[in-house]
Amino acid sequence: MLSVLQLDHFAKILCWGLRTARKESFRPGDTVLVRFDASGLPLAEKVYVALVEARLQPVIQLLETPPMEKAFFESAGEDQLDRLLPGLTQLTEALNGLIHISAPASLTHLRRVDARRIGRAVKAKKSLMDIRRRREEAGKLGWTLCTFPTEALAVQAGLSLAHYE
């Protein structure tokens with residue numbers, strides 16, 4: 001497990017990356033979405049504090065856990081695969097920054113899911129990607145991402161979590 005000091009430094013690096021990824025400077029009150037896997041919560045908490053201290057407005061989005069994601073792709077109806085949740089378009093239009101913390105608890109949970117179902121859900125979210133790309137090109141959105149060490153990643157690399165970190 002990363003130390004408190006390491007997490008603090010990690011959060012500062014992500015905030016630096018966010019600032020340098022954006023053409024315009026951030027202004028107090030700008031909205032920054034922090035998307036993260038549950039395993040990345042310790043880092044997301046540090047990022048949240050750093051954003052608040054920078055007078056930015058963080059919005060937190062906990063991503064689906066592997067069992068949730070698997071259940072969705074295996075059981076969702078076509079209408080669910082094709083649907084954008086209410087408010088996502090408006091939130092995306094209002095974003096000034098995005099930090100994504102990838103901390104997968106599993107790398108194989110979707111291996112038996114029909115790829116067409118996953119593709120259908122990705123296609124439904126294309127309009128959000130278009131909005132982000134447009135805002136980024138206009139200098140109004142900056143984003144950064146990272147991979148947070150997890151047991152699943154360490155196992156895949158053939159290392160202990162301590163060595164992987």
Q: Just verifying a value: how many Å separate Phe148 CZ and Glu165 CD, rounded to the nearest 0.5 Å?
A: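 With rounding to 0.5 Å, CZ (Phe148) is 7.0 Å from CD (Glu165).
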Q: For residues Ser39 and Pro42, report the shortest heavy-atom separation together with the two atoms involved.
A: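 Closest pair (atom of Ser39, atom of Pro42, distance): O-CD, 3.6 Å.
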Q: Side chains of Leu43 and Leu14, heavy atoms from C-beta outward: is any pair under 4.5 Å?
A: yes
Q: Quick one: list whatever passes side-chain hydrogen bond (donor to acceptor under 3.5 Å, both in side chains) with Arg112, sequence neighbours left out.
A: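 Once residues adjacent in sequence are excluded, Arg112 has no partner under the side-chain hydrogen bond (donor to acceptor under 3.5 Å, both in side chains) criterion.
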Q: Taking the side chain as everything from C-beta on, heavy atoms only, tell me whether Leu95 gets closer than 4.5 Å to Val32.
A: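 The answer is no, as the side chains (C-beta and beyond) never meet within the 4.5 Å cut-off.
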Q: According to side-chain hydrogen bond (donor to acceptor under 3.5 Å, both in side chains), does anything in residues 54-74 pair up with another residue at least two apart or in another chain? List the pairs.
A: Arg35-Gln61, Glu69-His109
Q: Using 0.5 Å steps for rounding, measure from the CD1 atom of Ile101 to the CG atom of Leu41.
A: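 Atom-to-atom, Ile101:CD1 and Leu41:CG are 9.0 Å apart.
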Q: Each residue besides Met129 in its hydrophobic cluster should be listed here, by chain and number; the cluster joins Ile, Leu, Val, Met, Phe, Trp and Tyr at side-chain heavy-atom distances under 4.5 Å.
A: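 In the cluster with Met129 there is nothing else; it is isolated.
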Q: Restricting to side-chain hydrogen bond (donor to acceptor under 3.5 Å, both in side chains), what partner residues turn up for Ser102, sequence neighbours left out?
A: none
Q: Could you state the interatomic distance from OH (Tyr48) to CD (Glu53), rounded to the nearest 0.5 Å?
A: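 Between Tyr48 OH and Glu53 CD, I get 11.5 Å after rounding to 0.5 Å.
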Q: Any link between Ile131 and Val34 through a network of hydrophobic side chains (Ile, Leu, Val, Met, Phe, Trp, Tyr) touching at under 4.5 Å?
A: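 Shared cluster, no.
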Q: Hydrophobic side-chain clustering at under 4.5 Å (ILVMFWY, transitive links): who's grouped with Ile13? Put none if nobody.
A: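 Other cluster members: none.
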Q: Please list all pairs passing the side-chain hydrogen bond (donor to acceptor under 3.5 Å, both in side chains) test where one or both residues lie in residues 139-148, with sequence neighbours left out.
A: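 For residues 139-148: Glu136-Trp143.
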Q: Any chance you could pull the hydrophobic cluster mates of Met1, using side-chain heavy atoms under 4.5 angstrom and chaining through other members?
A: none
Q: Going by the rule side-chain hydrogen bond (donor to acceptor under 3.5 Å, both in side chains), which residues pair with Lys46 if we only count those two or more places apart in sequence or in a different chain?
A: Asp8
Q: Within the structure provided, determine whether Val47 and Phe10 are in side-chain contact (heavy-atom separation under 4.5 Å).
A: no
Q: Are Phe36 and Ile99 close enough that some pair of their side-chain heavy atoms sits under 4.5 Å apart?
A: no
Q: On a heavy-atom basis, which atom in Pro58 and which in Val52 lie closest, and how many Å separate them?
A: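 Closest approach of Pro58 to Val52, heavy atoms only: CG-CG2, 3.7 Å.
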Q: Give a yes or no on whether the backbone of Leu141 and the side-chain of Asn96 come within a donor-acceptor separation of less than 3.5 Å.
A: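 No.
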Q: Could you work out, with salt bridge (Lys or Arg N to Asp or Glu O under 4.0 Å) as the rule, every residue matching Arg19, not counting sequence neighbours?
A: none
Q: Report the residues that fulfil side-chain hydrogen bond (donor to acceptor under 3.5 Å, both in side chains) with Gln6, sequence neighbours left out, ordered by chain and then residue number.
A: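 With neighbours one apart ignored, the set is Ser3.
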Q: Atom CG in Asp37, atom CG in Leu63: separation rounded to 0.5 Å?
A: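 Those atoms lie 5.0 Å apart.
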Q: Can you tell whether the side chains of Arg132 and Glu137 come within less than 4.0 Å, N to carboxylate O?
A: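 Glu137 and Arg132: not salt-bridged.
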Q: Find the distance between CG (Asp30) and CD (Glu24) and round it off to the nearest 0.5 Å.
A: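 If we round to the nearest 0.5 Å, Asp30:CG and Glu24:CD are 9.0 Å apart.
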Q: Tabulate below the donor-acceptor pairs under 3.5 Å that side-chain atoms of residues 79-91 make, not counting sequence neighbours, or state none.
A:
unit_1: Asp79; atom_1: OD2; unit_2: Arg83; atom_2: NH2; d: 3.1
unit_1: Gln80; atom_1: OE1; unit_2: Gly77; atom_2: N; d: 2.7
unit_1: Asp82; atom_1: OD1; unit_2: Arg120; atom_2: NE; d: 2.6
unit_1: Asp82; atom_1: OD2; unit_2: Arg120; atom_2: NE; d: 3.2
unit_1: Asp82; atom_1: OD2; unit_2: Arg120; atom_2: NH2; d: 2.7

Q: Let me check something: do Leu110 and Met68 share a hydrophobic cluster, defined by ILVMFWY side-chain heavy atoms less than 4.5 Å apart, either directly or through other members?
A: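 No, no single cluster joins them.
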Q: Would a distance-only check, ignoring hydrogens and angles, find a side-chain to backbone donor-acceptor pair under 3.5 Å from Ser75 to Phe72?
A: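 Here the side-chain-to-backbone pair does not exist.
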Q: Kindly list each side-chain donor-acceptor pair under 3.5 angstrom involving residues 149-160, sequence neighbours excluded, with atom names and distances?
A:
unit_1: Thr150; atom_1: OG1; unit_2: Pro104; atom_2: O; d: 2.7
unit_1: Thr150; atom_1: OG1; unit_2: Leu153; atom_2: N; d: 3.3
unit_1: Ser160; atom_1: OG; unit_2: His163; atom_2: N; d: 3.1
unit_1: Ser160; atom_1: OG; unit_2: His163; atom_2: ND1; d: 3.0

Q: Between Lys125 and Asp130, is there a salt bridge with N-O shorter than 4.0 Å?
A: no
Q: Once rounded to the nearest 0.5 Å, what's the spacing between atom CG of Leu51 and atom CZ of Phe26?
A: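 Going from CG on Leu51 over to CZ on Phe26, the span is 8.5 Å.
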